[in-house]
Novice: 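Dumping the structure here so I can ask a few things about it.
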Amino acid sequence: MKRNYSIPIWLIFLLLSCNKQKDFYKEVGKGAYLTFVRSNNLLNGTDAAASVNIVVNSVGAEVESVNLYVAATATIDKTKWKLIKKVPFAGETNITATNAQIAAALGLAPGNLLPGTVFNFYNEVVTKDGKTYSSINTSAIDLENQLAFNTALRWTGTVVCPYNAASIAGIYTVIKDDWQDWVPGEQVSVTAGPGANQVNLSQVWPNPAFGAVVSPFVINVNPATGVVTVPENITFGDYGAYKAITRGGSTGFVFSCTGRITIRVHIDAPPFGDQGFSQLILEK
């Protein structure tokens, strides 16, 4: 049964204080946390000046500043957090991290971050009375995992790279194919187009040994980020007993700078029904 979220902030902190350290909530209502407003989680790995950001607000005690940390893995072990900077807080606040700042904190080369890498960011609240609140000393179960609280104490950024149509075509090795038209290690052909920012996977799905092309399996690529959009309702393969059709919710990336294509496609196969999501990973 879901909780009733229509409760005052002092009661939230009272409930949380029941199973936290004694020094966390010394007085009811003195705690604070950040709330999510909006964000940009895609980071151009080839541009040292590129950035990711999160816009936050706050609930609870008055906030003085936010310490922004980054880690290479998801963890609440603070020894693995690397401080990027201290951000003054003034109501709705924009917290940013540039490619160069992330690289400096983690000892990496700025402007040379590997596409597909996910960085984990942690916002540590510093209140006017000097107390700090973060994912380390708050309750993930009672606070961060409750969607109604809309917390913004931790977030992620994914490294991407601009799409280059001139380098996308060629022979790729299958790394993973959940649709099972190919086995890992087999090679397939990928072509560019027909549009300026499109990739044609018709020689991948369907495998001609199993099915025939009905409509070309063409995906759209955001040229600035490599983010993929898979059009819905493409009947990309006739497998005899059924036809394979794309449905909504498909996602992915085309990283032409590293020669890697990763997509997760929602497939329907009437009369057998919805087949869920199948991941396809190809590497040049």
Novice: For T127 versus A61, what's the shortest heavy-atom pair and its separation?
Specialist: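 Reported closest heavy-atom pair: CG2-CB, 4.2 Å.
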
Novice: Ignoring hydrogens and geometry, is there a side-chain-to-backbone donor-acceptor pair from T93 to F89 under 3.5 Å?
Specialist: no

Novice: L201 versus I263: any side-chain heavy-atom pair under 4.5 Å?
Specialist: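 A side-chain contact exists here, since the closest heavy-atom pair is under 4.5 Å.
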
Novice: Could you tell me whether a side-chain N or O of N137 sits under 3.5 Å from a main-chain N or O of T132, the two making a donor and an acceptor?
Specialist: yes

Novice: Could you label the plane-to-plane angle of the Y239 and F236 rings as parallel, tilted or perpendicular, counting under 30° as parallel and over 60° as perpendicular?
Specialist: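 The rings of Y239 and F236 stand perpendicular, inter-plane angle above 60°.
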
Novice: Mind checking whether V55 and F121 sit in one hydrophobic cluster, side chains of I, L, V, M, F, W, Y counted as touching below 4.5 Å?
Specialist: no

Novice: Looking at K284, I'd like to know if its NZ atom is crowded, meaning that more than 12 non-hydrogen atoms belonging to other residues, nucleotides or ligands lie closer than 6.0 Å.
Specialist: yes

Novice: Not counting sequence neighbours, which residues clear side chain to side chain contact (heavy atoms under 4.5 Å, CB included) with N112? List them please.
Specialist: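 With neighbours one apart ignored, the set is A109.
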
Novice: Quick one: does V174's side chain get under 4.5 Å of Q187's, heavy atoms only?
Specialist: no

Novice: So, for F210 and D181, which heavy atoms are closest and what is the spacing to 0.1 Å?
Specialist: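 It is CE1-O, 3.2 Å.
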
Novice: Are any of the side-chain heavy atoms of T117 and T158 separated by less than 4.5 Å?
Specialist: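 In short, these two side chains do not touch, never coming nearer than 4.5 Å.
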
Novice: May I ask you to say whether E64 pairs ionically with K128, meaning some side-chain N is under 4.0 Å from a carboxylate O?
Specialist: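 Looking at E64 and K128, the cut-off is met.
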
Novice: Let me see the working for K85 and T96 under side chain to side chain donor-acceptor pair (under 3.5 Å), right down to the final yes or no.
Specialist: CA-CA 9 Å; K85 60 183 174 181; T96 64; 3.1 Å; yes

Novice: Just checking, any donor-acceptor pair under 3.5 angstrom between side chains of N220 and Q198?
Specialist: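 Yes.
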
Novice: Taking atom types as modelled, is there a side-chain donor on E186 or T173 under 3.5 Å from an acceptor on the other?
Specialist: no

Novice: State whether the side chain of S202 and the backbone N or O of F217 hold a donor-acceptor pair below 3.5 Å, judged by distance alone.
Specialist: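 Yes; judged by distance alone, with no hydrogens or angles, the pair exists.
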
Novice: Ignoring hydrogens and angles, state whether a donor on the side chain of N123 or Y133 is under 3.5 Å from an acceptor on the partner side chain.
Specialist: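 Result is no, nothing qualifies.
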
Novice: Ignoring hydrogens, what is the shortest heavy-atom contact between T75 and A71? Give both atom names and the distance.
Specialist: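 That closest heavy-atom pairing would be CG2-CB, 4.3 Å.
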
Novice: Would you say I267 ends up clustered with Y242 if hydrophobic residues are merged whenever their side chains have heavy atoms under 4.5 Å apart, either directly or through other cluster members?
Specialist: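 Yes, it is one cluster - the side chains of Y242 and I267 are joined through contacts under 4.5 Å.
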
Novice: Can you list the residues that meet the side-chain hydrogen bond (donor to acceptor under 3.5 Å, both in side chains) rule with E283, with sequence neighbours excluded?
Specialist: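 With sequence neighbours excluded, E283 shows a side-chain hydrogen bond (donor to acceptor under 3.5 Å, both in side chains) to R260, given in chain and number order.
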
Novice: Is there a donor-acceptor pair closer than 3.5 Å between any side-chain N or O of N200 and the backbone N or O of G193?
Specialist: no

Novice: Are side-chain heavy atoms of I84 and I102 found at a separation under 4.5 Å?
Specialist: yes

Novice: Report yes or no: does N150 contribute a side-chain atom to a donor-acceptor pair with the main-chain N or O of F36 at less than 3.5 Å?
Specialist: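 Yes.
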
Novice: Are the side chains of V126 and V63 in touch, meaning some heavy atoms are under 4.5 Å apart?
Specialist: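 No. Closest side-chain heavy atoms not under 4.5 Å.
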
Novice: State which residues pass ring pair (Phe, Tyr, Trp, His ring centres under 6.0 Å) with F119; sequence neighbours excluded, sorted by chain then number.
Specialist: none

Novice: What distance do S51 atom OG and I95 atom CD1 have between them, rounded to the nearest 0.5 Å?
Specialist: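 Going from OG on S51 over to CD1 on I95, the span is 13.0 Å.
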
Novice: For the residue pair T246 and V265, what are the closest heavy atoms and their distance?
Specialist: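 So the two residues come closest at CG2-CG1, 4.0 Å.
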
Novice: Name all residues meeting the salt bridge (Lys or Arg N to Asp or Glu O under 4.0 Å) criterion together with K78; count only those two or more places apart in sequence or in a different chain, and write none if there are none.
Specialist: E124

Novice: Checking side-chain contact (heavy atoms from CB on, under 4.5 Å) for the pair Q275/W179: CA distance, chi angles, key distance, verdict?
Specialist: CA-CA 9 Å; Q275 302 299 299; W179 189 234; 4.0 Å; yes

Novice: Decide yes or no on side-chain contact (heavy atoms from CB on, under 4.5 Å) for V204 and W182, but give the supporting numbers first.
Specialist: CA-CA 8 Å; V204 183; W182 306 89; 4.0 Å; yes

Novice: Side chain of T98, backbone of Q101: donor and acceptor closer than 3.5 Å?
Specialist: yes

Novice: Would you check if P184 and K176 make a side-chain contact, meaning some heavy-atom pair closer than 4.5 Å?
Specialist: no

Novice: Is the charged tip of R154 near the ring of Y122: under 6.0 Å from the six-membered ring centre and within 45° of its axis?
Specialist: no

Novice: Flag the pair L113 / L43 as yes when at least one side-chain heavy-atom distance between them is below 4.5 Å, and no otherwise.
Specialist: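 Yes; the side chains approach each other to less than 4.5 Å.
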
Novice: Membership question, hydrophobic clusters at under 4.5 Å side-chain separation (ILVMFWY): are F277 and F253 in the same one?
Specialist: no

Novice: Which residue pairs pass the ring-ring contact (aromatic ring centres under 6.0 Å, His included) test when at least one of the two sits in residues 47-73, sequence neighbours left out?
Specialist: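 Checked against ring-ring contact (aromatic ring centres under 6.0 Å, His included) - neighbours excluded - the pairs reaching residues 47-73 are Y69-W81.
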
Novice: Does the pair N44 and T225 meet the rule for a side-chain contact (heavy atoms from CB on, under 4.5 Å), with working shown?
Specialist: CA-CA 7 Å; N44 185 341; T225 63; over 6 Å; no

Novice: Does any N or O in the side chain of N99 come within less than 3.5 Å of the main-chain N or O of G111, such that one atom is a donor and the other an acceptor?
Specialist: yes

Novice: Enter the distance from T262:OG1 to I281:CD1 here, rounded to the nearest 0.5 Å.
Specialist: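 Output value for this atom pair is 4.5 Å.
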
Novice: Side chains of W205 and D177: do they bring a donor and an acceptor to under 3.5 Å?
Specialist: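 Yes, because at least one side-chain N or O of W205 sits under 3.5 Å from a partner of the opposite role on D177.
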
Novice: Checking the side chain of S250 only, and the main-chain atoms of H266 only, is there a donor and an acceptor separated by less than 3.5 Å?
Specialist: yes

Novice: On a heavy-atom basis, which atom in L83 and which in A105 lie closest, and how many Å separate them?
Specialist: O-CB, 4.1 Å

Novice: Assess the residue pair V218 and V199 against the criterion (side-chain contact (heavy atoms from CB on, under 4.5 Å)); give the C-alpha distance rounded to whole Å, side-chain angles, the decisive distance to 0.1 Å, and a yes or no.
Specialist: CA-CA 6 Å; V218 175; V199 176; over 6 Å; no

Novice: If two hydrophobic side chains count as joined below 4.5 Å and joins carry through other members, does L282 share a cluster with V254?
Specialist: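 Yes.
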
Novice: With rounding to the nearest 0.5 Å, note down the distance linking CD1 in I168 to CZ in F255.
Specialist: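 Result: 11.0 Å between the selected atoms.
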
Novice: Examine V230 and L280 and state if one hydrophobic cluster contains both, with Ile, Leu, Val, Met, Phe, Trp and Tyr joined whenever side-chain heavy atoms are less than 4.5 Å apart.
Specialist: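 Yes, V230 and L280 fall within the same hydrophobic cluster.
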
Novice: At what distance, to the nearest 0.5 angstrom, does CG of L108 lie from CG of L106?
Specialist: 5.0 Å

Novice: Shortest non-hydrogen contact from A48 to P110?
Specialist: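 Taking A48 first and P110 second, the nearest heavy atoms are CB-CB, 4.2 Å.
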
Novice: For D77, what residues pass the side-chain hydrogen bond (donor to acceptor under 3.5 Å, both in side chains) criterion, not counting sequence neighbours?
Specialist: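 D77 satisfies side-chain hydrogen bond (donor to acceptor under 3.5 Å, both in side chains) with T79 only.
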
Novice: CG/N120 to CD1/I76 distance, rounded to the nearest 0.5 angstrom?
Specialist: 12.5 Å

Novice: Is there side-chain contact between N197 and Y163, with heavy atoms separated by less than 4.5 Å?
Specialist: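 Yes, at least one pair of side-chain atoms sits under 4.5 Å.
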
Novice: Quick one: CD1 on I54 to CG on L34, what's the gap to the nearest 0.5 Å?
Specialist: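 The CG atom of L34 is 8.0 Å from CD1 of I54, to the nearest 0.5 Å.
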
